[in-house]
2 protein chains.
Amino acid sequence: MQLKKYTDYGLRILMYLGSVQNSELPDKRATIKEICETFKLSANHVNKVVHHLGRLKLIETRRGKHGGFLLAKAPDEIRLDYVIRELEGDEAWIDCHNPYCVALPACELNSIVGRGKELFYEHLSRYTLKDLLKNSAQLQQIFLTAGQSPALNRSA
Amino acid sequence: MQLKKYTDYGLRILMYLGSVQNSELPDKRATIKEICETFKLSANHVNKVVHHLGRLKLIETRRGKHGGFLLAKAPDEIRLDYVIRELEGDEAWIDCHNPYCVALPACELNSIVGRGKELFYEHLSRYTLKDLLKNSAQLQQIFLTAGQSPALNRSA
DNA sequence: TCAAAAGATACATCAATAATGCACTTTATA
DNA sequence: TATAAAGTGCATTATTGATGTATCTTTTGA
């Protein structure tokens, strides 16, 4: 029971963009390369997440030389429940059909767990990217430093 | 993002036991074989879950001829949050360390998601096995029928 | 006292899917 | 028109949950 790294990476990317755009360079585009160097991630995976965020209209991507991407909305318009639901996929947290459960017609479990899932997302719906940028100055500092020393900063 | 089948099976087993003990045979022991026939599950997997439920003192297992297992507590004393937390494992829903995230020292995400997770379990804490046995009569009927025709009742 | 029936345990294998990698295409622009 | 960027599809690897096989231990009734 854990969010996918895919989802996690998506949130990191949004935080990075929000942080950069909060700074002296509000119109600066970020690139996949830059994100990968900052977070030490695989370019392919980030590529796919960026593309997904673009399809969701959360970021504006631009191809070609001097391309890149930036937030398409203000940070306080990007709700965490939406981002996580979309990136994570919105399947039921319990699967009564695979393998099929004979108790299904009389079972209360699925609705109880389902309600719990909704409470999780309701909680997330009270937060936006802006809340993730609370320590904006510190984040900027971190991302600046990490970007400057692309070979270091590894860990398990 | 889904509960493990392991956890799901554990809950089904408890429902089965609760249902049987609600009926004419409150002291009847169930066996792994019987559960497998009812739900069409792998004996090995069920074996492990039963063992786990025993270690948690939720059921009393007994080896040997005429062995088997039954609930060790009243259904209204078996809380769903406990069962699911234990069977599922209580790891964080987001992993900041693998791969390590540079933003960690300034990041709010983990605490927001962590709180959402706790809300999920708080919700579950308001339910017990007794709530899963709401349709007890129907469950008994289902389990009886399923047990009688062990070769049928398949589905994808 | 022994055979059979049950759970306990350890290890091996299979399957699903998330994560990652590679190659190539398309687009923008200097 | 070369280059730098994202877009796309397919292949591969890694993780881990799910399942299988074998054997051990315990209990009890014949």
Checking [X] side chain against [Y] main chain: does a donor-acceptor pair fall under 3.5 Å?
X	Y	answer
A:Lys5	B:Asn98	yes
B:Thr145	B:Gln141	yes
A:Gln21	A:Lys28	no

Check residues 47-54 of chain B and write down every donor-acceptor pair under 3.5 Å in which the side-chain atom is one partner and the other belongs to a residue at least two apart or another chain.
from: B:His52; atom 1: ND1; to: B:Tyr6; atom 2: OH; distance (Å): 2.7

Worksheet item: Among all residues two or more places apart in sequence or in another chain, which pass the side chain to side chain donor-acceptor pair (under 3.5 Å) test with B:Arg79?
Response: B:Asp81
Discussion item. Need two values: the first and the last nucleotide of DNA chain D, 5' to 3', having an atom under 4.0 Å from any heavy-atom of chain B.
Written reply: D:dG17 to D:dG29
Solution key, residues 106-118 of chain A side-chain donor-acceptor pairs under 3.5 Å, sequence neighbours excluded:
from: A:Glu108; atom 1: OE2; to: B:Asn135; atom 2: ND2; distance (Å): 3.3
from: A:Ser111; atom 1: OG; to: A:Glu108; atom 2: O; distance (Å): 3.1
from: A:Arg115; atom 1: NH1; to: A:Glu122; atom 2: OE2; distance (Å): 3.3
from: A:Lys117; atom 1: NZ; to: A:Asp90; atom 2: O; distance (Å): 3.3
from: A:Lys117; atom 1: NZ; to: A:Asp90; atom 2: OD1; distance (Å): 2.8
from: A:Lys117; atom 1: NZ; to: A:Glu91; atom 2: O; distance (Å): 3.0
from: A:Glu118; atom 1: OE1; to: A:Arg85; atom 2: NH2; distance (Å): 2.6
from: A:Glu118; atom 1: OE2; to: A:Arg85; atom 2: NH2; distance (Å): 2.8

Worksheet, complete the sentence: Ranking A:His66 and A:Thr7 by the position along DNA chain C of their nearest nucleotide, the one closer to 5' is A:Thr7
Worksheet entry | Whichever of A:Ser42 and A:Arg29 has its nearest DNA chain C nucleotide further upstream toward 5' | A:Ser42
Worksheet entry | Test side-chain contact (heavy atoms from CB on, under 4.5 Å) applied to B:Arg63 - qualifying residues, sequence neighbours left out | none
Practice prompt. Scan nucleotides 7-18 of chain C nucleotide by nucleotide, 5' to 3', and note B when protein non-hydrogen atoms come under 4.0 Å of the base, S if they reach only the sugar-phosphate, - if neither.
Written response: SBB-B------S
Discussion item. Pairing donors with acceptors under 3.5 angstrom, does anything connect the side chains of A:Gln140 and A:Ser136?
Written reply: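 On atom types as modelled, these side chains qualify, holding a pair under 3.5 Å.
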